[in-house]
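Reading through the C-alpha cells given below for one structure.
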Amino acid sequence: MSDIIKLLPDHIANQIAAGEVVQRPASVVKELLENSIDAGATEIKLIIKDAGKTAIQIIDNGIGMSATDTRMAFERHATSKIDSAEDLFHIHTKGFRGEALASIAAVAHVEVKTKTASQELGTHLKIEGSKITYQEPVSTPTGTSIAVRNLFFNIPARRKFLKSDHVETRHIKEELYRIVLAHPDIKFLYYYNDSENLNLPKSNLKQRIIATFGQKMDERLVPIEENTDILKVTGFVSKPEFAKKKRGEQFFFVNNRFIRNSYLHHSVINAFEGLLASGYHPSYFLYLKVPATTIDINIHPTKTEIKFDNEQALYAILRSTIKHSLGQYNAAPVLDFNRNPDLDTPYSYKDKKNVPAPGISVDPDFNPFKENLERPSGIYKKNTANWESLYTRTSIATETEQPSDNQSTLLFPNAKDTSNYSTLQVHNKYILSVIKSGVVFINQHLAHQRILYEELLTKLTVEDTASQQLLFPITLHFSFGDMVICNEIKNDLESIGFQFAAMEKDSVTLSGLPENVIPENLQGLFESVFDNVRNEIPESNFSRIDTIAKSLAKGLAIKNGVALNELEREKVLEDLFSCKEPNYSPYGKKTYITLPSEEIQLKFDP
Ligand code: ADP
Ligand code: MG
C-alpha cells in the first residue's frame, strides 16, 4: 500500500477549530476507536487498565499503516481523510482534523504496532512526549494496535486533575457505548483490568442494545421508524413504564455520529408527555439520517454538537413518530393522535352558549380555592353522578374501627379526634379519602389539572368569560416566534379571560386575567403554552384549543408539595368527581388510584 497521508495546508488547519482533544482517558478512547472504525476494522478490542490512567490499548483489524504513515500519523494536522476545507461538508469518516494522534503522543507514552495487508513485516514505533524513541520492523497481524500509557505523564497538574477511577471509567464507558451503538456491524471486545467486560458480536441494532445493556432490554423497547424527505428515523425508545430515575441511556445518532441536542431531546420527552411520572426519564436510541448539507457538525471541537437547518420540522416529525409508535405498541393507552378529536372530547365545541355577565374581582390576595368555595357553582353545570355512584364516601372516623378501650388512646396519645375529617393529605401530594369499597388516593396536581382543563375547555367554548381586572397591567416580553403564536391564539386566550391592553412587536401587556389565575410566573406559563401550540401537529381548530387548555391547566394546577387544608382537599375531591372524565389528567395520567378493602385485608391475611 502506498503512503496516503498528506499534511493539511496551514490555512485549512486554521479553518478547523482546534480544540483540546485530550481531556481525559475517555477522549483517548474515543479518538482511537474512531480511527479504527475509519480504518475499516470489523473487530476492535479495547483494553483499559486503571481507568485508563495506566494504559489504554486498542487493537483493530483495519487497513493498518505503512512505516512512513505511522510516523506521519503523529504529526499535527496529518490526516489521510481530507484535502480541502470543502471536504469538511462531505466527510463520512469520524476524524478529519488530523490532530488526535499528535495530541495524544504529546502527553503520553505511545506504542504502535501496525501492518498493512500488502506488507510482510509491520512497523513497531514508540513515541514519548512527541519524540520517537524507537522504530523497528515487527511481525504483527494486519491492522493496528495502539497502546497509550501514563497519560499526562509530563503534565502533572492535568494528571492530578483526573477524577476517581470510578468516574473516569464511567466516561470511558459512555464513549464506548456511543460507538458500539453506532456500529452494530462491528465486533467489539472490552477488557477492564484483565477481565472481559463486554463482548459484542456483530449483530443488528436491537441485539446490540441488548448485548450492551442486558437481556432486560428485550421487553422494554418500542421500535421507531419514519421516512420523510428531510429525515429518516430508526431506532428504539423504552416503554414508559421502564423509565428511570436516572437520565441514562439516551442516545441520538445523526448520520451515524453520536450527538447531543437538547432541542431534539425535548421533542422525545414531549412525545412521552403524560406517560412519565415526574422525575423519570425514558431511554432512547434514535438514529437520524438527514441530508449532509442540512447540518453543521463543525461547531464544536469534539463534534458531539450539531446544528440543523430545519430544527422545527425535525422536532415535529420526531415527536409525532414516537407518539405514534408508543400508541401502536399500547405503551400509551390514551395517546392516539390520529383519532378524530371531535369524537372524544367531552365537550361539544359547536354548542357555544351564552353565560351570565361576568363579575369583576380585584382581590390582590386572590386564592383560587377560597374564591371557588365562596362562589356559587360556576359556569359549568356540576355533574355529581360520578361522585355519587362510584365514590360514596364515609368519614374516616366512622369507617375506621373506633378505639374500643383506653389502650388505643394510650398508643396514640397525641391523636386528634378525626371524626370530622373525611380526607387526609399524604406527603403534601395525595389526598386520601375513605370510600365504601376501600380507600382512594388522589394525586392533587393531576386531579387539579383535570379540573382546570375541563373548566378551561368550557370557557374556551363559550362566548364570555369572567376576568379579574389587574390593578397594575403586566407587560411580558417574548421572542418574535412566540409573538407570532400569541397573535394566532389571542382570541382563544381572550375567551379564557385574558385581557390584552396592548400587543407590541415583542411584548404584550395584560390588563386582565382569568378568574382562577394567580399573576405569578405568567411568563413561564405563556411560554409553555406557545411551545406546546408550536409543536402541536395542526389537525383541527379543536386540537389547538385543546392544547391551550391542557398546557394552561398543567401550568396552573396546584403543585405537588403544597399543603392543602380540609376545605381545599374537599374542593379538589368534589370538583374532580364532578368532571366528565375524572379518571385521567388531560395528559393521560391517572388522577387517582383506589385500594380496595379486600386488598388491604389480604395484606394482613395473605
Ligand atoms: P484523523 O483521524 O483526524 O485523520 P488522527 O490523528 O486521529 O487524525 O489520525 C491520523 C491518521 O493516522 C489518520 O488519518 C489515519 O490515516 C491514520 N490512522 C490513525 N489510526 C489508524 C488506525 N487504527 N488504522 C489505520 N490508520 C490509522
Ligand atoms: Mg482520528
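Order of appearance sets the numbers: ligands from 1, and atoms from 1 within every ligand. In what follows, residues are counted from 1 in the order of the sequence shown.
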Check your understanding: Can we say Glu128 and Lys131 salt-bridge, meaning some charged N sits less than 4.0 Å from an Asp/Glu carboxylate O?
Key ->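 Between Lys131 and Glu128 there is no salt bridge, as every charged N stays at least 4.0 Å from the carboxylate O atoms.
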Point to revise | Heavy-atom neighbours of Tyr263 OH exceed 12 at 6.0 Å | key: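 Yes, enclosed.
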Practice item. Could you tell me whether Glu120 atom CD has more than 12 heavy atoms of other residues or ligands within 6.0 Å of it? Key: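 It does not: Glu120 CD has 12 such atoms or fewer within range.
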Check your understanding: Which bit of Ala39 is near ligand 1, meaning a heavy atom under 4.0 Å away: side chain, backbone, both or neither?
Key -> side chain
Exercise for review: May I ask you to identify, for Asp69, whether its side chain, its backbone, both or neither come under 4.0 Å of ligand 1 on a heavy-atom basis?
Suggested key: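 No part of Asp69 comes within reach of ligand 1.
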Is [X] close to ligand 1, meaning an N/O of one under 3.5 Å from an N/O of the other?
| X | answer |
| --- | --- |
| Thr144 | yes |
| Leu101 | yes |
| Asp60 | yes |
| Ile63 | no |

Check your understanding: What are the atoms of ligand 1, with element, lying closer than 4.0 Å to any heavy atom of Ala100?
Key ->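 So the atoms of ligand 1 that pass are 6 (O), 7 (O).
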Point to revise | Proximal ligand 1 atoms for Ala73, defined as those under 4.0 Å from one of its heavy atoms | key: 10 (C), 12 (O)
Practice item. Could you verify whether a donor N or O on one side chain and an acceptor N or O on the other, from His445 and Gln449, lie under 3.5 Å apart? Key: yes
Donor-acceptor pairs are to be reported for all side-chain atoms of residues 283-292 against protein atoms at under 3.5 Å, with residues two or more places apart or in another chain.
residue: Ser283; atom: OG; partner: Glu249; partner atom: OE1; Å: 3.3
residue: Tyr284; atom: OH; partner: His265; partner atom: ND1; Å: 2.6
residue: Tyr287; atom: OH; partner: Leu181; partner atom: O; Å: 2.6

Exercise for review: Decide whether the shortest distance between a heavy atom of Met65 and an atom of ligand 1 is less than 4.0 Å.
Suggested key: yes
Review point. Touching ligand 1 at all, Gly64? Heavy atoms, strictly under 4.0 Å?
Key: yes
Practice item. Apply side chain to side chain donor-acceptor pair (under 3.5 Å) to Thr123 and Gln135, showing your working. Key: CA-CA 7 Å; Thr123 305; Gln135 180 172 358; 5.2 Å; no
Exercise for review: Please state whether the rings of Phe526 and Phe478 are parallel, tilted or perpendicular, taking 30° and 60° as the class boundaries.
Suggested key: tilted
